[in-house]
Amino acid sequence: MHQRMNSTGTKLLAVCIFLFTIISTVLAQAPKTIAVETNNNALVLQTDKDNRLNIIHFGQRLTNQQEYGMAAGQYHFSDNNAGIYSNAYTPAGTFSLSEPAIAVTHADGNTSLELKYVSDNTQRIDDNTSLTAVTLKDPVYAVEVTLFYKAWKKENVIEQWSVIKNNEKKPIKLEKYASANLYFNADNYYLTHYHGSWAHEMNPEEEQLTHGIKSIDSKLGTRADLFEPPTFMISFDKPAGEDDGKVLLGQLAWSGNFKIECEVDSYNNLRLLAGINSYASEYQLAAGQEFQTPSFIYTYSQHGKGEASRNLHHWATRYRIVNGEGSRLTLLNNWESTYFGFDENKLVSLFKGAKDLGVDLFLLDDGWFGNKHPRNADTAGLGDWQENVQKLPHGIGYLVKEAQAAGIKFGIWVEPEMVNPKSELYEKHIDWVIRQPQRPEMYFRNQLVLDLSNPEVQNFVYGILDSLFTKNPDLAYIKWDCNAVIYNAYSAYLQKQGLPQSQLYVAYVKGLYNVMHRFRAKYPNVPAMLCSGGGGRVDYGALQYFTEYWPSDNTDPLERIFMQWEYSYFYPAIASSNHVTDWSKVSMKFRTDVAMMGKLGYDVDVSKLDPKDWEFSKHAVATYDSVKDLVWHGDLYRLVNPRENNIASLMFVDDAKSRAVMFTYLITSRFGQTSTLAPIKLKGLDANKRYSVREINLYPDTKSWIDGSHTYSGDFLMTIGFNPDMSQRRSSVVLEIKEVK
Ligand code: DGJ
């Protein structure tokens, strides 16, 4: 009996184990579907029969989530390549021979990596935000990757990054470590990317992608996007327009070397890889350590670039840039009016002009520091952050007080990451400088870059900012410049630590962010401009610590129309520092109208303005004050693209659709092209409301050609349009559109 019981029990156990094995095998093989959704879009991941994670859908979301699971079955990509291209984070050295997202050399020298799905979870952060984490593991080597997808529903933005963990017993080498690996299905793909140089930033180029890999990248080290920003668009099927077409706007939020790779595969699908540039950047990851990649940020719209850019603006102002929903300070900067040639009396004399002009703040630019090597030109002094006693005998504190006495705030310029060889800092701390010890030094703007991989240097850079604010608590603004690229990349610090030199590019940016983070933690509200000899460093990696950026040293308004237009696809107007300067001799009104399409500032010697321009400018600042809430917090609609027409036109509309401001600029003087023959169709208004249209920002005593007494329905203004009556005498026109009840 006992014997029988035993054998029955054993049989039962065997059956249970058998059933358990079957169930767990079936469960393990049942595809796991993970949908990362926003209000309009979905990125859907699914495991395959080998438990690898693939992307099975990117685009419009389905009403019924349950149906995502069936999507993959509708594609019959059945040869050996299937499931290889679409991997959600392609590892190197095993099943996939496509361009990898990650390549690793294990502690034992083996270079194979396989990543299998282990788990996922989605955390609700708030009503609008969720964070999905998917963990993948190599079944053979103790390497783990977690893919993170942070989704903002209303803004239709996803921020994606990866965390790579070394659970091996010894260090491993990361040869490539992308932030994102995406997969799209469309008939054709059109990539828009940007190239530039100093004073010539953000020139778009759109091209149809063909089979093979198209990559855009930077290897400049610091101001990486001087030549090519990590910012791009991809249109699907056909080139997207302003209000039509499917388009993705994307950016690697990283202020260093990056690489974006677009590969059209043999099924005509598009693989996208975005991450830190692996060029000279092999990264050693110690046992037990994690490496977090920077974020890849993107939005997708089926209704053109306009909607996609508004998505990004909403997201950036709500969630990314400092005080994005708040206010900004208009300012007068002294750079172009004095360059290095000033002293405290000259500066104090400028304060009154700033006050009379009506701006909020005076910004003292480069040239205020250095004693042994005075900063009287860009050849010396960088690194020696003590007030120059000749120019500022009473120090910055005195200037802050004098500015306050004149009724304005005071801000200051720094370039804390850099050093001139002619400086005490260089003489004392040559080991803090990025340079090859055995090669002749190479300079960019006569300067070198400090080694921010070194924590001591980070402390020094942080200390520059901290001591400025500690000594001068009323300092109200900071302009953080960065004018050199990294030549001769070599770190004495990494060498001393026994760390590979190939870590320098990454460690530099991480060190930079560490300093910016510390600064922001202590000074959360100080407005700060991210500047880099123009637009050499504008990205959401750095912008999370700043309130605004400097788009270009080129302040010719005609050039700025084109640059500001392109920047506006990725960044909100509140963050664009647009200054009126003497770079161009076109009318003061034209210069001012162009600057007004962002955050207005001035960089002129107001005492030298002719009386008519002076009167106009004082009124212009007051006019700007009356519409700046629209520019800063309204929705941007681009109406006429200057790259395709004789004019540029755009407008900002408030949430209630009851007020708007519209800017139109003539961009040519060619015969027959200097007038607006046809009306411009407005956008973003309420068809059922009635509006008045009034011209603003005119020279004093000038009568507008536009009769402001008429009212129009939103329907009329958006269907027929409105003609701002451009001509060579009216080369820029600003219209205020107001609901009439
Ligand atoms: C480059 C900046 O873009 C300018 O605005 C100015 O601050 C100079 N540097 C100062 O050297």
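Whatever order the structure lists ligands and atoms in, that order sets their numbers, starting from 1.
For the pair Lys479 and Trp550, the cation sits on the ring face: its NZ or CZ lies under 6.0 Å from the ring centre, inside 45° of the axis.
A salt bridge between Asp378 and Arg445 is present, with a side-chain N of the basic residue lying under 4.0 Å from a carboxylate O of the acidic one. Using a cutoff of 4.0 Å between basic side-chain nitrogens and carboxylate oxygens, Asp605 and Lys346 are scored as salt-bridged.
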Show every donor-acceptor pair shorter than 3.5 Å between a side-chain atom in residues 567-574 and any protein atom, with sequence neighbours excluded, or say none if there are none.
residue : atom : partner : partner atom : Å
Tyr567  : OH   : Pro551  : O            : 2.6
Ser568  : OG   : Trp565  : O            : 2.7
Ser568  : OG   : Arg638  : NE           : 3.0
Ser568  : OG   : Arg638  : NH2          : 3.1
Tyr569  : OH   : Glu242  : OE1          : 3.1
Tyr569  : OH   : Trp565  : NE1          : 3.3
Tyr571  : OH   : Gln251  : NE2          : 2.6
Tyr571  : OH   : Val538  : O            : 3.0

Just list the N/O pairs, ligand 1 to protein, that are under 3.5 Å apart, with the distance for each.
residue  : atom   : partner : partner atom : Å
ligand 1 : 3 (O)  : Gly534  : N            : 3.3
ligand 1 : 3 (O)  : Trp550  : NE1          : 3.4
ligand 1 : 3 (O)  : Asp553  : OD1          : 2.3
ligand 1 : 3 (O)  : Asp553  : OD2          : 3.3
ligand 1 : 5 (O)  : Lys479  : NZ           : 2.8
ligand 1 : 7 (O)  : Asp365  : OD1          : 2.7
ligand 1 : 7 (O)  : Asp365  : OD2          : 3.3
ligand 1 : 7 (O)  : Trp413  : NE1          : 3.1
ligand 1 : 7 (O)  : Lys479  : NZ           : 3.0
ligand 1 : 7 (O)  : Asp481  : OD2          : 3.4
ligand 1 : 9 (N)  : Asp481  : OD2          : 2.6
ligand 1 : 11 (O) : Asp366  : OD2          : 2.6
ligand 1 : 11 (O) : Arg445  : NH1          : 2.8
ligand 1 : 11 (O) : Arg445  : NH2          : 3.0

Steps toward side-chain contact (heavy atoms from CB on, under 4.5 Å) verdict (Met596, Arg591):
CA-CA 9 Å; Met596 275 192 178; Arg591 287 182 258 166; over 6 Å; no
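Proximity of a side-chain donor or acceptor of Ser218 to a complementary backbone N or O of Leu220 within less than 3.5 Å is detected.
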